[in-house]
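Each chain gets a letter, A, B and so on, in the order the sequences are listed, and its residues count up from 1. Keep in mind that the numbers below use all heavy atoms, side chains included, and drop hydrogens, waters and symmetry copies.
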Amino acid sequence: MQLPKNYNPKEAEIKWLEFWEKEKIYAFDPNSKAEIYSVDTPPPTVSGKMHLGHSFSYSQQDFVVRFQRMLGKNIFYPFGTDDNGLATERMIEKMKNVKGQFMKRKEFVDLCLKTLKEIRPDFVYDWKRIGISADFSIFYTTIDQHCQEISQRSFVELYKMGRIYRKRAPFVWCPECQTAIAQVEMKDNERESKLVYMKFDTSLGEQITIATTRPELLPACVAIHIHPDDKRFKHLIGAKAKIPFSDREVKITANKDVDMEFGSGIVYHCTFGDMDDVKWMEEFNIEPIEILNKDGILNEKAGRFKGLHVKKAREAVIKALQEEGRIAKLEPIRHVVNVHERCETDIEILITDQWFIRYLDLKDEFIEYGRKIKWYPEHMKARYENWIKGLKWDWNISRQRHFGIPIPVWYCRKCNEIIAADEKQLPVDPLVDMPLKKCRCGSNVFIGEKDVLDTWATSSLTPDIAIELFKDKKIFKKLHPMSLRPQAHDIITFWLFNTVVKSYFHHKKIPWQNAMISGWALDPKGKKMSKSKGNIIDPREMIAKYSADSLRFWAAGSRLGDDLPFQEKDLVTGSKFSTKIWNASKFAFMHLSDYNLEKPAKLEVMDRWILSKLSKVVKESTENFIDYEYSHTKLEAETFFWHVFCDNYLEIIKDRLYNAGKRGKEARLSAQYSLFHTLLTIIKLMAPIMPFITEELYQLYYKNHEKIKSIHICKWPDISMIDEHAEHIGDFVVKVVEFVRKQKSEKQLSLKTPVKKLTIKAKIEEKDFDSIEAEIRAATTAEHIVFEPTRGKKTENDLEIEVGF
RNA sequence: GGGCCUGUGGUCUAGCGGCUAUGACAACACCCUUACACGGUGUAGAUCACCAGUUCGAAUCUGGUCAGGCCCACCA
């Protein structure tokens with residue numbers, strides 16, 4: 001069998017992708033009796049492009065899945081895309097140059113759906129291209145009817161449980177997107193700003209100075225706070241302060257939350273500058289004064305500043321204060337403001353009607369559930385618990401957007417009663433559909449809820465969504481809880497946590513037994529990759545330049561959970577590995593063309609040596625893979641292949657393979673047998689990491705013998721041919737060979753140069769030496785060998801070698 | 001401010017109680033050896049961030065310091 005000189009990954013990888021799909025190699029079999037391994041695959045957010053971080057973490061989960069498949073398990077590995085929500089909405093607005101808010105909802109939603117349909121196949125192809133072995137026929141998109149139904153059903157069930165409520169409450173709001181956003185959707189932006197020192201009159205006659213970065217909220221000031229221990233000001237507690245530009249007076253109250261060091265040491269309490277303001281509002285039972293509209297423009301309650309946008313109002317208030325001589329000073333300040341991560345707009349806190357899931361009373365249960373899940377790596381659990389302990393708000397699930405899953409409720413026009421959809425009628429669009437029953441008051445005139453569900457309210461149901469693609473209820477029992485949730489560490493606090501929450505409510509069970517948490521791909525300097533920094537690496541370019549296998553090989557180089565700085569040269573390593581295994585296989589297949597699986601009566605020492613070492617590698621690799629330590633498996637297989645198998649074993653057996661006449665047919669057969677099994681095992685060990693080239697090599701030679709369609713459904717190697725004695729002798733041979741090589745190298749001689757006389761003194765039995773003398777002779781090109789066994793006190797490692805040229 | 005993680009030759013990395021501390025890339029020297037020059041063999045290069053402790057013995061365990069990363073909170 002003659003292999004082409006070079007391996008061409010560009011052609012081969014596409015060929016095998018098509019083969020796997022056509023032959024349904026990764027299909028889940030709902031009727032199989034084999035143990036199931038089910039995966040709650042993260043649905044990537046459709047953005048038209050896979051980024052390097054995706055290829056990193058999805059490769060890592062794929063290593064594990066492919067390993068589990070080779071253990072003979074029935075793999076349930078669905079694939080979905082997350083294309084519901086604000087991210088998609090903004091993407092479509094950009095792509096199509098439209099604004100959702102100026103369109104009819106239906107029209108906009110249709111445009112989104114149509115556009116998604118166009119771009120989705122390309123997007124999903126990126127995942128196929130890196131060799132993700134999901135069953136792409138088990139497919140969902142979080143905006144499809146199936147997901148809508150499940151998501152709305154979850155809402156209705158929770159509503160019936162009394163877990164969902166609607167409340168008018170202060171909440172984080174994006175004036176640009178005009179929707180409520182969650183805590184996790186915010187990010188910090190550092191900014192140059194002015195700290196404004198404003199002078200207020202008090203009922204005691206003296207003036208006080210208050211420092212703020214938000215002077216425009218002046219008309220919304222509801223109180224002044226002073227620390228009760230602040231000697232400078234405590235006499236003012238109980239007095240009143242007059243709000244400039246209005247007739248209002250507010251109370252000066254004692255509040256121990258005040259930081260006496262910041263600004264002037266006096267806080268003005270507005271509606272709402274930050275979350276503290278909200279907290280104090282409740283604590284002191286103060287009525288808010290809402291001066292901001294949803295678009296960030298001040299309303300009539302702002303008096304003379306009405307109609308101005310926040311930023312304009314800020315300047316206007318400063319100017320007005322200056323005119324009245326009420327500015328003590330303006331201090332430049334660098335501070336951090338919260339912005340909406342999608343559009344980088346400063347967030348506001350507004351009082352709006354929102355839907356919430358009540359869950360703060362269940363923190364202990366959620367922590368308990370987290371402890372039932374096995375975390376890989378374990379320390380990631382700490383992040384989960386930390387997050388729960390710090391939770392302060394119920395889960396806001398409503399968004400004031402167009403594109404999303406509608407909240408399935410109506411309001412009775414007559415009595416304002418909330419009517420939830422009937423489970424039978426799901427999915428519904430309350431703006432189009434009507435409830436099945438009349439209101440209790442007898443009315444049948446309803447107003448549909450306009451709000452949609454936040455995307456996490458749906459993606460927290462991915463286990464249900466994926467499993468229910470099979471209508472058979474028995475399947476659910478087999479698949480739930482799922483075996484594995486793979487994901488990256490940045491979304492532990494929402495996607496992972498939210499899924500646990502939903503599973504708690506709907507199933508009273510953990511959603512999965514194991515969670516494997518990947519790290520991040522960082523830029524070469526170890527910094528996070530982001531568009532704004534311009535340090536993005538496009539995985540597609542890397543695949544085109546190297547190969548998907550090389551990219552995966554790189555991703556296997558980092559331990560689970562660790563971040564990995566990207567260096568392009570690391571992809572070269574993967575490609576080199578491919579070349580090496582290609583060439584080694586070329587050699588092996590050449591010498592195995594006449595081999596027919598016969599087992600020799602007796603295995604030569606060096607063959608027992610390699611098989612024994614291989615057995616240990618297999619054992620270690622398997623154990624590591626079971627613990628999600630694919631990087632160890634990769635490293636071990638790599639090192640064994642390159643340095644034990646290629647550098648030494650192949651060199652040593654060449655003589656037997658080429659010179660059967662001199663060394664004997666049995667000796668050659670023994671080498672063939674070992675070569676066959678060792679290489680096959682190496683290819684299998686590497687198959688989860690490098691699925692393409694291993695498939696290519698398998699199909700070229702081994703398939704004829706193994707009779708299984710693809711290497712990826714072959715059995716994971718299980719060999720135990722440990723032979724300590726052979727290892728000892730074999731190691732001795734390698735030491736001698738290496739020593740001679742070194743001598744030749746130092747004398748700048750070709751490795752072919754014959755050795756006239758090779759003298760070896762070692763603690764090896766003569767009969768053992770006889771068994772490998774021919775191997776040493778061939779591998780060192782020695783013409784004459786003198787062997788002296790050493791006895792007595794010398795340790796086993798004692799070895800004296802003399803090389804005479 | 002709280003939590004978690006990390007700190008090993010120029011770069012990345014293995015090791016996580018006991019050997020002259022892995023390996024890759026880069027550098028240098030040599031070798032076209034019948035799988036591979038997209039290769040092979042070798043050489044040089046690390047006081048394992050710093051300090052203290054536990055121990056017969058620490059890169060490895062404990063405490064502290066410093067530096068970096070991530071998450072959370074705060075920033076009136």
Visitor: With respect to the side chain of A:Pro565, which nucleotide from B:rC12, B:rA24, B:rC36 is positioned closest?
Guide: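 Nearest to the side chain of A:Pro565 among the choices is B:rC12.
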
Visitor: Regarding A:Val258, tell me which of base, sugar-phosphate or nothing describes its non-hydrogen contacts under 4.0 Å with the strands shown.
Guide: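 It contacts base atoms.
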
Visitor: Taking atom P in both B:rU54 and B:rG42, compute the distance separating them and give it to the nearest angstrom.
Guide: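 The answer is 44 Å between these two P atoms.
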
Visitor: Output the single nucleotide from B:rC36, B:rG15, B:rA76 whose closest atom is nearest the side chain of A:Lys580.
Guide: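 The closest nucleotide is B:rC36.
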
Visitor: Any Lys/Arg nitrogen of A:Arg663 or A:Glu775 sitting under 4.0 Å from an Asp/Glu carboxylate oxygen of the other?
Guide: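 Yes, charged N to carboxylate O under 4.0 Å.
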
Visitor: Assign A:Lys654 to base, sugar-phosphate, or nothing according to its heavy-atom contacts below 4.0 angstrom with the strands shown.
Guide: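 Base, at least one base atom sits under 4.0 Å.
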
Visitor: Distance only, no hydrogens: is a donor on one side chain within 3.5 Å (strictly under) of an acceptor on the other, for A:Asp257 and A:His225?
Guide: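 Short answer, no.
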
Visitor: Parallel, tilted or perpendicular: which describes the rings of A:Phe494 and A:Trp456, with under 30° parallel and over 60° perpendicular?
Guide: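 Rings of A:Phe494 and A:Trp456: perpendicular, over 60°.
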
Visitor: Over how many whole Å does the gap from A:Glu638 atom CD to B:rC12 atom P extend?
Guide: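 Going from A:Glu638 (CD) to B:rC12 (P), I get 18 Å.
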
Visitor: When you get a sec, tell me which of B:rA76, B:rG42, B:rU41 is the closest nucleotide to the side chain of A:Lys742?
Guide: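 Nearest listed nucleotide: B:rG42.
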
Visitor: Please work out if A:His632 contacts a base, only the sugar-phosphate, or nothing of the nucleic acid, heavy-atom cut-off 4.0 Å.
Guide: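 Since only primed, P, OP1 and OP2 atoms lie under 4.0 Å of A:His632, the category is sugar-phosphate.
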
Visitor: Would you call A:Asp594 and A:Arg668 a salt bridge, using N to O less than 4.0 angstrom?
Guide: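 A salt bridge is present here (some side-chain N lies under 4.0 Å from a carboxylate O).
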
Visitor: For nucleotides B:rA44 and B:rA27, find the distance between their C1' atoms and express it as a whole number of Å.
Guide: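 Pairwise C1' distance, B:rA44 against B:rA27, rounds to 9 Å.
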
Visitor: Report the nucleotide, chosen from B:rG3, B:rC75, B:rC38, that has the shortest atom-to-atom distance to any side-chain atom of A:Asn6.
Guide: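 Per side-chain heavy atoms of A:Asn6, the pick is B:rC38.
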
Visitor: Enumerate the salt bridge (Lys or Arg N to Asp or Glu O under 4.0 Å) contacts for residues 567-581 of chain A, please, sequence neighbours excluded, ordered by first and then second residue.
Guide: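 Sorted result for residues 567-581 of chain A: A:Lys545-A:Glu568.
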
Visitor: Distance check, P atoms only: B:rG7 and B:rU13, in whole angstrom units.
Guide: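 Comparing P positions in B:rG7 and B:rU13 gives a spacing of 9 Å.
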
Visitor: Can a donor-acceptor pair under 3.5 Å be found between the side-chain atoms of A:Ser750 and the base atoms of B:rC31?
Guide: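 Check fails, no donor-acceptor contact within cut-off.
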
Visitor: Does NZ or CZ of A:Lys654 lie under 6.0 Å from the centre of the six-membered ring of A:Phe587, at an angle within 45° of the ring axis?
Guide: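 Yes.
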
Visitor: A:Lys576 side chain N/O closer than 4.0 Å to the phosphate oxygens (OP1, OP2) of B:rC25?
Guide: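 Answer is yes, contact under 4.0 Å.
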
Visitor: Using a cut-off of 4.0 Å on non-hydrogen atoms, how would the nucleic acid contact of A:Lys569 be classed: base, sugar-phosphate, or nothing?
Guide: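 Base contact.
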
Visitor: Write down the distance separating the P atoms in B:rC66 and B:rA26, rounded off to the nearest Å.
Guide: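 Rounded to whole Å, the distance is 39 Å.
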
Visitor: Please pick, from B:rC36, B:rC70, B:rC4, the nucleotide with the shortest atom-to-atom distance to any side-chain atom of A:Asn583.
Guide: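 So the side chain of A:Asn583 is nearest to B:rC36.
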
Visitor: When all nucleic acid strands are considered with a 4.0 Å heavy-atom cut-off, which category describes A:Thr213: base, sugar-phosphate, or nothing?
Guide: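 The answer is sugar-phosphate, as A:Thr213 gets under 4.0 Å only of primed atoms, P, OP1 or OP2.
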
Visitor: With a 4.0 Å cut-off on heavy atoms, is A:Tyr268 in touch with a base, just the backbone sugar-phosphate, or nothing at all?
Guide: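 If one applies the 4.0 Å heavy-atom cut-off, A:Tyr268 turns out to touch the sugar-phosphate alone, with no base involved.
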
Visitor: Which part of the nucleic acid does A:Ala211 contact within heavy-atom distance under 4.0 Å: base, sugar-phosphate only, or nothing?
Guide: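 Sugar-phosphate: the residue A:Ala211, judged by heavy atoms under 4.0 Å, touches backbone atoms but no base.
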
Visitor: Within this structure, what is the CD-to-P distance between A:Glu738 and B:rG40, rounded to whole angstrom?
Guide: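 Value for this atom pair: 14 Å.
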
Visitor: Under 4.0 Å, counting only non-hydrogen atoms across every strand here, what does A:His269 touch: a base, just sugar-phosphate, or nothing?
Guide: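 Nothing, no heavy atom under 4.0 Å.
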
Visitor: Looking at the side chain of A:Arg383, which of B:rC71, B:rU11, B:rA73 is the nearest nucleotide?
Guide: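 Closest nucleotide to the A:Arg383 side chain: B:rC71.
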
Visitor: What integer distance in Å separates A:Met186:CE from B:rC71:P?
Guide: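 That distance rounds to 14 Å.
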
Visitor: Under 4.0 Å, counting only non-hydrogen atoms across every strand here, what does A:Glu651 touch: a base, just sugar-phosphate, or nothing?
Guide: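 Result for A:Glu651 = base.
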
Visitor: Run the salt-bridge test on A:Lys311 and A:Glu216 with the 4.0 Å N-O cut-off and return the result as yes or no.
Guide: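 No salt bridge links A:Lys311 with A:Glu216.
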
Visitor: Check every strand shown and say whether A:Asp259 touches a base, only sugar-phosphate, or nothing at a heavy-atom separation below 4.0 Å.
Guide: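 Answer is base: heavy atoms of A:Asp259 come under 4.0 Å of a base.
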
Visitor: Is A:Lys742 salt-bridged to A:Glu738, cutoff N-O under 4.0 Å?
Guide: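 A:Glu738 and A:Lys742: not salt-bridged.
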
Visitor: By the 4.0 Å heavy-atom rule, please label A:Thr579 as base, sugar-phosphate, or nothing.
Guide: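 Result for A:Thr579 = base.
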
Visitor: Closer to the 5' end of RNA chain B via nearest nucleotide, is it A:Lys5 or A:Trp280?
Guide: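 Looking at RNA chain B, the more 5' nearest nucleotide goes with A:Lys5.
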
Visitor: For the rings on A:Phe676 and A:Tyr702, is their centre-to-centre separation under 6.0 Å?
Guide: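 Between A:Phe676 and A:Tyr702, the centre distance is under 6.0 Å.
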
Visitor: Cation over ring, A:Arg485 on A:Trp495, under 6.0 Å and within 45°?
Guide: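 Yes, A:Arg485 lies over the aromatic ring of A:Trp495.
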
Visitor: Roughly, in whole Å, what's the span from CG in A:Asn648 to C1' in B:rU33?
Guide: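 Spelled out: CG on A:Asn648 to C1' on B:rU33 is 14 Å.
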
Visitor: Report which part of the nucleic acid A:Cys646 touches: base, sugar-phosphate, or nothing (heavy-atom distance under 4.0 Å, all strands).
Guide: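 Contact class for A:Cys646: base.
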
Visitor: Would you mind reading off the distance between A:Trp387 atom CH2 and B:rC71 atom P, rounded to a whole angstrom?
Guide: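 After rounding, the gap between these two atoms is 12 Å.
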
Visitor: With rounding to whole Å, what would you report as the distance between B:rG39 and B:rU47 at their C1' atoms?
Guide: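 My reading of the C1' atoms in B:rG39 and B:rU47 gives 36 Å.
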
Visitor: Roughly how many Å apart are B:rC16 and B:rG23, using the P atom of each and rounding to a whole number?
Guide: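 After rounding to an integer number of Å, I get 16 Å for this pair.
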
Visitor: Treat a base pair as Watson-Crick or G-U wobble with both distances under 3.5 Å, then lay out RNA chain B in dot-bracket form, 5' to 3', with | for cross-strand pairs.
Guide: ((((((((.[[[..)..(....]]].(((((.......))))).....[[[[[..)....]]]]])))))))....

Visitor: From the options B:rC71, B:rC12, B:rG42, select the nucleotide whose nearest atom is closest to the side chain of A:Ser745.
Guide: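 Between B:rC71, B:rC12, B:rG42, the one nearest the side chain of A:Ser745 would be B:rG42.
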
Visitor: Is the shortest distance from a Lys or Arg side-chain nitrogen in A:Arg214 or A:Glu348 to a carboxylate oxygen in the other one below 4.0 Å?
Guide: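 A salt bridge is present here (some side-chain N lies under 4.0 Å from a carboxylate O).
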
Visitor: Could you give the distance separating B:rC48 and B:rA59 at their C1' atoms, to the nearest angstrom?
Guide: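 That atom pair is separated by 4 Å.
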
Visitor: So what does A:Trp582 hit on the nucleic acid, given a heavy-atom distance under 4.0 Å: a base, only sugar-phosphate, or nothing?
Guide: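 Contact class for A:Trp582: none.
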
Visitor: 5'-most contact on RNA chain B: A:Leu751 or A:Glu746, nearest heavy atom basis?
Guide: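 Nearest-nucleotide comparison on RNA chain B picks A:Leu751.
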
Visitor: Heavy atoms from C-beta onward define the side chain here; which of B:rA73, B:rU11, B:rC25 lies closest to that of A:Lys392?
Guide: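 The answer is B:rA73, which lies nearest to the side chain.
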
Visitor: Rounded to whole Å, please give me the gap between CG in A:Asp647 and P in B:rG40.
Guide: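 Going from CG in A:Asp647 over to P in B:rG40 covers 7 Å.
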
Visitor: Which nucleotide in the set B:rG69, B:rG40, B:rA24 lies at the smallest distance from any side-chain heavy atom of A:Asp563?
Guide: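 Per side-chain heavy atoms of A:Asp563, the pick is B:rG69.
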
Visitor: Can you tell me which nucleotide in B:rA76, B:rC36, B:rC70 comes closest to the side chain of A:His489?
Guide: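 The closest nucleotide is B:rC70.
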
Visitor: Take atom NZ of A:Lys586 and atom P of B:rG39, then tell me their distance rounded to the nearest Å.
Guide: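 Rounded to whole Å, this separation is 13 Å.
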
Visitor: Taking the C1' atom of each, how far is B:rG17 from B:rU60, in whole Å?
Guide: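 Straight-line distance between the two C1' atoms is 6 Å.
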
Visitor: Given atom CD1 of A:Ile491 and atom P of B:rC70, what is their separation to the nearest angstrom?
Guide: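 About 17 Å, once rounded to whole Å.
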
